[in-house]
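Below is one structure, written out as structure tokens; the observations come after it.
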Amino acid sequence: MEEQKKNPAQGLSESEQVQVRRQKLADLQAAGHDPFTLTKYPQDSYSADLKAEFADLPNETDSGKTVALAGRMMSKRVMGKASFAHLRDDKGDIQLYVRRDELGEEPYAAFKKLDVGDIIGVKGEVFRTKTGELSVRATELTLLAKSLRPLPEKFHGLTDKETRYRQRYVDLIVNPEVKRNFIIRSQFIKHLRDYLDNMGYIEVETPVLNTIAGGAAARPFETHYNALDEDVKLRISLELYLKRLIVGGLERVYEIGRVFRNEGIDTRHNPEFTTIELYQAYADYHQIMDLVEELYIYVTKKVCGTLKIPYLGKEINMEGPWARMTMAEAVKKYSGIDYYAWESDEQARADCEAHDVHVEKDAVKGQCLEECFDAFVEPNLIQPTFITDYPVAISPLAKRKKDEPEMTERFEFFINGFEFGNAFSELNDPIDQRGRFERQAAAKRAQGGHADVDEDFLCALEYGMPPTGGLGFGVDRLVMLLTDSASIRDVLLFPTMKPIGMPAPSAKAAEEMAPETAAPAAETVAEPIDFSKVEIEPLFKDYVDFETFSKSDFRAVKVKACEAVKKSKKLLQFTLDDGTGTDRTILSGIHAYYEPEELVGKTCI
């Protein structure tokens, strides 16, 4: 039998306490006092407001003010004819003083049967006790909702982060400081809207379900639209619909919305997250850069009251002007590598290898510059910094620079070594845009992915889009900065979590493919391998004819370990068991399609 955890305060297991509380509820209902039939309570005051109003009230003094409070009872001390309790409402805690003589015999007896966690309404006079604590002397008390579960460990013990994220409702009850992050988040979004509205932008809403997931390089979630019998994808970006609105004549638009990316989870990434994108006609990336700086300064001052804010042990100074460097300048500053000294793609790749920066064998100069930036520059950008002029090879939606066609009018901004946002002088040439889309799609197909060109977006561009500046940044990441939070889960009320009891993605496959018993060490007998049930991964399905492939020279290997390669966004490093007794290590550029933990334990061909 599973051991039942005892609650030291009650001497009962949690399940026993639940049974006791259910019986109390049943008794109340039988007596005609069912709390769940109540629909409202005349609350007229809050704890924090009363403490501010009566801050100067002397000890042992009545205020003369009668109030009605409502909230959760967080403690109770019964001492004969008089008792104390603490009530927690939306703004804080306040002490209740409950006397049998003032409340009455039956109500006092009912109070004594209440449990910590019950939601109650209290009427009474505000006064200050002999010890100086502002309190309410209860003259009327009403049970508004019965708590059938006890709060964890005398409501001080919910410290396990996994449990806190899964049961945010309990986290908010027992750790009131957690509420601060979400109040700041709400304030930030309000001030963000205020700033943009005052700048003449209008807020819009665009479709979440798309037939083509465009505007970013990310794996989408897919679902099926029954009414149309059509496969659709949850959006991975807000960009392309907002640009359609620029074409339509809405010159300043923004959207704050959820986007969904079927990718990994870590301290800075959640599969669904909140982003803002805005577009301004007749503006370039320099104007958007100025807007970003002004916007961040405005919301930081509004939310934090200062422009110098702590973040993970560092002081971040949001005051302007922020530093500005081109990507090539930044790489040369922090690594000595000179982009403009590269005369060919081959020379760029060789220079990267000489500096221990791994790049793909067909990488061009622009891609090599990006890898060098990731390796040497990004960790050094602690204070707010704009990095400008990104290569065309990694910027399919940005406009080329007139005086340097291999570069684009694009910038990203960085704080504490992390990228916070991305902006362009938007590409509005439909012919150039089509060419970039098609090259991007071809490259993705060559890696085994599926890619479509958004013909409707190209059609919109062909009607004419004015010169436009665009910006996108993650709301969650900025809230992390403003609240000094190390993990994105600390600023999401309900972050994505793996279901309790769910095995790792590869566990079942590993169990099915593992041999039941180990082969004798003395003799290894080669056995024929049955490949009749091999399934081609969707990534390669359109490109692999297994019947032909099975006649080639190939080997079945077991993935013993897999991890992301540092300084690379694309590579995974595999440790493989190929049956020879010596582990093999290989690199593969498939991080865009798989997370390392998905592959451990898999048997691959």
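Note: hydrogens, waters and symmetry copies are ignored here, and every other heavy atom, side chains too, is used.
Between L103 and A138 the shortest heavy-atom distance is CD1-O, 4.3 Å. Here the closest non-hydrogen pair linking L492 and R258 is CD2-NH1, 4.1 Å. Listed here is the closest heavy atom pair of L307 and I297: CD2-O, 3.5 Å. Heavy-atom minimum distance, L242 versus L238: CG-O, 3.4 Å. The shortest heavy-atom contact between I488 and R268 is CD1-O, 3.8 Å. For A70 against Y41, the heavy-atom pair with the smallest separation is CB-CD2, 4.0 Å.
The shortest distance between side-chain heavy atoms of E293 and F386 falls below 4.5 Å. P150 has its side chain within reach of V18: a pair of non-hydrogen atoms, C-beta onward, lies under 4.5 Å apart. Taking the side chain as every heavy atom from C-beta outward, K233 and F260 never approach each other to under 4.5 Å. Residues H286 and F411 form no side-chain contact, since every pair of their non-hydrogen atoms from C-beta on lies 4.5 Å or further apart. A heavy-atom distance below 4.5 Å is not found between the side chains of L144 and P35. Using a 4.5 Å heavy-atom cutoff, the side chains of M73 and F111 are in contact.
Going from atom CZ of R166 over to atom CZ of R489 covers 8.0 Å, rounded to the nearest 0.5 Å. Atom CG of L295 sits about 12.5 Å away from atom CG of D290, to the nearest 0.5 Å. For the atom pair CZ (R137) and OG (S63), the distance works out to 9.0 Å, reported to the nearest 0.5 Å.
Counting only distance, with no hydrogens or angles, the side chain of N270 and the backbone of E272 share a donor-acceptor pair below 3.5 Å. Remark: the backbone N or O of Q167 is not paired with any side-chain donor or acceptor of D171 at under 3.5 angstrom. Between the N175 side chain and the E177 main chain, no donor and acceptor come within less than 3.5 Å of each other. In terms of modelled atom types and a separation under 3.5 Å, the side chain of R128 and the main chain of L57 share a donor-acceptor contact. A donor-acceptor contact shorter than 3.5 Å is absent between the side chain of N181 and the backbone of V491. Between the side chain of D484 and the backbone N or O of L312, at least one donor-acceptor pair lies under 3.5 Å. Side-chain atoms of Q383 come within 3.5 Å of backbone atoms of E315 as a donor-acceptor pair (strictly under, hydrogens ignored). A donor-acceptor pair under 3.5 Å links the side-chain atoms of K179 to the main chain of D90, judged by distance alone.
A side-chain contact (heavy atoms from CB on, under 4.5 Å) with T483 holds for exactly one of L478, V303, I184; it is I184. The only member of Q280, K243, R410 that meets side chain to side chain donor-acceptor pair (under 3.5 Å) when paired with E426 is K243.
Cation-pi check for R185 over F182 is not met; the charged atom does not lie both under 6.0 angstrom from the ring centroid and within 45 degrees of its normal.
Ring centroids of Y97 and F84 are separated by less than 6.0 Å, placing the two rings close together.
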Between L481 and N416, does a side-chain contact (heavy atoms from CB on, under 4.5 Å) hold up when you go through it step by step? CA-CA 9 Å; L481 177 68; N416 196 48; 5.6 Å; no

The test is side-chain contact (heavy atoms from CB on, under 4.5 Å); show your working for F418 and M480 and say whether it passes. CA-CA 12 Å; F418 298 128; M480 288 171 62; over 6 Å; no

Between S47 and D93, does a side-chain contact (heavy atoms from CB on, under 4.5 Å) hold up when you go through it step by step? CA-CA 6 Å; S47 56; D93 294 3; 5.8 Å; no

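Atom NZ of K113 is surrounded by 12 or fewer heavy atoms from other residues, nucleotides or ligands within 6.0 Å. Within a 6.0 Å radius of OH in Y225, other residues, nucleotides and ligands contribute 12 heavy atoms or fewer. A 6.0 Å sphere centred on CD of E205 holds no more than 12 heavy atoms belonging to other residues, nucleotides or ligands. Enclosure of atom CD in E230 by more than 12 non-hydrogen atoms of other residues, nucleotides or ligands within 6.0 angstrom is indicated.
By the 30° and 60° cut-offs, the orientation of the rings of F473 relative to F188 is tilted. Using a 30° and 60° split on the angle between ring planes, F413 and Y296 fall in the perpendicular class, above 60°. Relative ring orientation between Y195 and Y298 is described as tilted, the plane-to-plane angle lying within the 30° to 60° band.
Salt-bridge check for D101 with K81: failed, with every basic side-chain N at 4.0 Å or more from each acidic carboxylate O. Between D27 and K24 there is no salt bridge, since no side-chain N of the basic residue sits under 4.0 Å from a carboxylate O of the acidic one.
Side-chain atoms of E277 and S237 form a donor-acceptor pair, as typed in the model, at a separation below 3.5 Å.
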